[in-house]
S.K.: 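Take this structure first; my questions come after.
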Amino acid sequence: MESADEIKTLEEDGINWRSRILYPTFIGGIVGGGIGAVSKHRKVHGLANMSATYATNLAIVTGCYCGAREIVKASRHSGPDDLLDSAIAGFGTGAILGRLQGGVGGAIRYSIGIAIVGTGVDYAGIKFRPVLKQMYESVVGGEKKDSWLRWPEWLPIQVLDEEAIAAKQAREEQLRARIRDLTKEESET
């Protein structure tokens, strides 16, 4: 038994419930609403009804899966990116939700499906995390700490400081001078 000094919070134990459970559940609800909006059943049951139904169902499945993944991770004492945790959580979540929906056959189908989809999404998240982090830092982070939002370098719209404005004005003046010289030459010939 742990003493009062040894009890850890979820954050200290490495479980960031917002980024590991809450945000994926919220995103799952949004994706489910989008799927419901393009569903073939929207004409019969209505757009709002189908979007809400799909959003709720996908948010429930995502929340159960993410919670099970964190429980498996804590019980196995593994790292946050262990795909075996994802597979085990997918099988368990699918078995429970499938049993509620469609009996034994549903449990088998759901467990295989949720394990494959959940592990695939986690694998894609691991592979795309550096790209997303770089994009996030290019927009929010960076050298300038005085601003919380910064345009990415590749975007043609930029907020210029005084030196950049002066350099831009000098380039524009040189361009105007070249245009005046060219028009002068054309008018003389």
Side-chain angles (χ1 to χ4, degrees), residues 1-4 6-141:
M1 186 103 191
E2 295 181 14
S3 67
E6 296 176 357
I7 295 176
K8 295 180 180 178
T9 63
L10 290 176
E11 296 290 332
E12 292 169 350
D13 205 22
I15 299 173
N16 186 351
W17 65 273
R18 274 183 244 117
S19 65
R20 303 277 298 170
I21 298 173
L22 186 65
Y23 294 155
T25 302
F26 184 67
I27 291 170
I30 292 171
V31 170
I35 293 170
V38 297
S39 170
K40 65 180 178 180
H41 303 293
R42 73 180 185 276
K43 294 178 183 173
V44 176
H45 298 288
L47 177 66
N49 189 25
M50 290 313 301
S51 292
T53 301
Y54 276 76
T56 303
N57 288 337
L58 195 56
I60 289 170
V61 170
T62 305
C64 291
Y65 167 76
C66 291
R69 183 185 61 204
E70 294 305 313
I71 289 171
V72 170
K73 183 184 99 164
S75 65
R76 291 186 63 233
H77 303 290
S78 60
D81 294 336
D82 190 359
L83 294 177
L84 185 58
D85 294 342
S86 301
I88 293 169
F91 278 117
T93 302
I96 292 169
L97 294 176
R99 179 77 171 119
L100 293 173
Q101 282 293 105
V104 176
I108 294 170
R109 286 192 311 269
Y110 278 53
S111 64
I112 292 171
I114 292 177
I116 290 171
V117 171
T119 306
V121 169
D122 285 345
Y123 179 75
I126 292 168
K127 292 298 180 186
F128 286 119
R129 188 175 299 137
V131 174
L132 295 174
K133 186 175 182 181
Q134 182 182 10
M135 287 174 54
Y136 176 78
E137 287 176 355
S138 74
V139 172
V140 177

S.K.: Going by the rule side chain to side chain contact (heavy atoms under 4.5 Å, CB included), which residues pair with A68 if we only count those two or more places apart in sequence or in a different chain?
M.R.: A89, T93
S.K.: Mind checking what makes side chain to side chain contact (heavy atoms under 4.5 Å, CB included) contact with I112, not counting sequence neighbours?
M.R.: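 In terms of side chain to side chain contact (heavy atoms under 4.5 Å, CB included), with neighbours along the sequence ignored, I112 is linked to F91, I108, I116.
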S.K.: For the atom pair CD (Q101) and OH (Y110), what is the distance rounded to the nearest 0.5 Å?
M.R.: 4.5 Å
S.K.: Looking at every non-hydrogen atom in both residues, tell me the closest pair between A115 and A87 and how far apart they are.
M.R.: CB-O, 3.8 Å
S.K.: Locate the shortest heavy-atom distance separating L97 from C64; write the atom from each residue and the value.
M.R.: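 Heavy atoms of L97 and C64 come nearest at CD1-CB, 4.4 Å.
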S.K.: Show every salt bridge (Lys or Arg N to Asp or Glu O under 4.0 Å) that has at least one partner inside residues 81-100, sequence neighbours left out.
M.R.: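 Listed by first then second residue: R76-D82, R76-D85, D81-R129.
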S.K.: Residues in side-chain hydrogen bond (donor to acceptor under 3.5 Å, both in side chains) with N49, at least two apart?
M.R.: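 Expected list: none.
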S.K.: Can you tell me which residue pairs pass the salt bridge (Lys or Arg N to Asp or Glu O under 4.0 Å) test with a partner in residues 40-51, sequence neighbours excluded?
M.R.: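 Every candidate salt bridge (Lys or Arg N to Asp or Glu O under 4.0 Å) pair involving residues 40-51 fails, so no pair, neighbours aside, qualifies.
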S.K.: Quick one: side chain to side chain contact (heavy atoms under 4.5 Å, CB included) partners of A48, sequence neighbours excluded?
M.R.: none
S.K.: With sequence neighbours left out, write down each residue that passes side chain to side chain contact (heavy atoms under 4.5 Å, CB included) with V38, or none if nothing qualifies.
M.R.: none
S.K.: Identify the two heavy atoms, one from A95 and one from A107, that lie closest to each other, and give their separation to 0.1 Å.
M.R.: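 Looks like O-CB, 3.6 Å.
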S.K.: Any side-chain heavy atom of I35 within less than 4.5 Å of one from S39?
M.R.: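 The answer is no, as the side chains (C-beta and beyond) never meet within the 4.5 Å cut-off.
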S.K.: Can you run down the salt bridge (Lys or Arg N to Asp or Glu O under 4.0 Å) pairs that involve residues 23-36, sequence neighbours left out, and say none if there aren't any?
M.R.: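 Qualifying pairs, neighbours excluded: none.
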S.K.: Determine the minimum heavy-atom distance between R20 and C66, stating which atoms define it.
M.R.: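 In terms of heavy atoms, the two residues are closest at O-CB, 3.4 Å.
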S.K.: At what distance, to the nearest 0.5 angstrom, does OG1 of T25 lie from CG of L58?
M.R.: 9.5 Å
S.K.: Between L83 and I126, is any pair of side-chain heavy atoms under 4.5 Å apart?
M.R.: yes
S.K.: Is there any side chain to side chain donor-acceptor pair (under 3.5 Å) pair reaching into residues 115-128, and which pairs are they, with sequence neighbours excluded?
M.R.: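 Sorted pair list: Y65-D122, R69-D122, S86-D122.
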S.K.: How would you list, by chain and number, every residue that makes a side-chain hydrogen bond (donor to acceptor under 3.5 Å, both in side chains) with S75, sequence neighbours excluded?
M.R.: none
S.K.: Show the nearest heavy-atom pair for residues P24 and S19, with the distance to one decimal.
M.R.: CD-O, 3.6 Å
S.K.: Could you walk me through whether Y54 and H41 pass side-chain contact (heavy atoms from CB on, under 4.5 Å), step by step?
M.R.: CA-CA 11 Å; Y54 276 76; H41 303 293; 4.1 Å; yes
S.K.: Given side chains that start at C-beta, do those of I30 and F26 come closer than 4.5 Å, heavy atoms only?
M.R.: yes
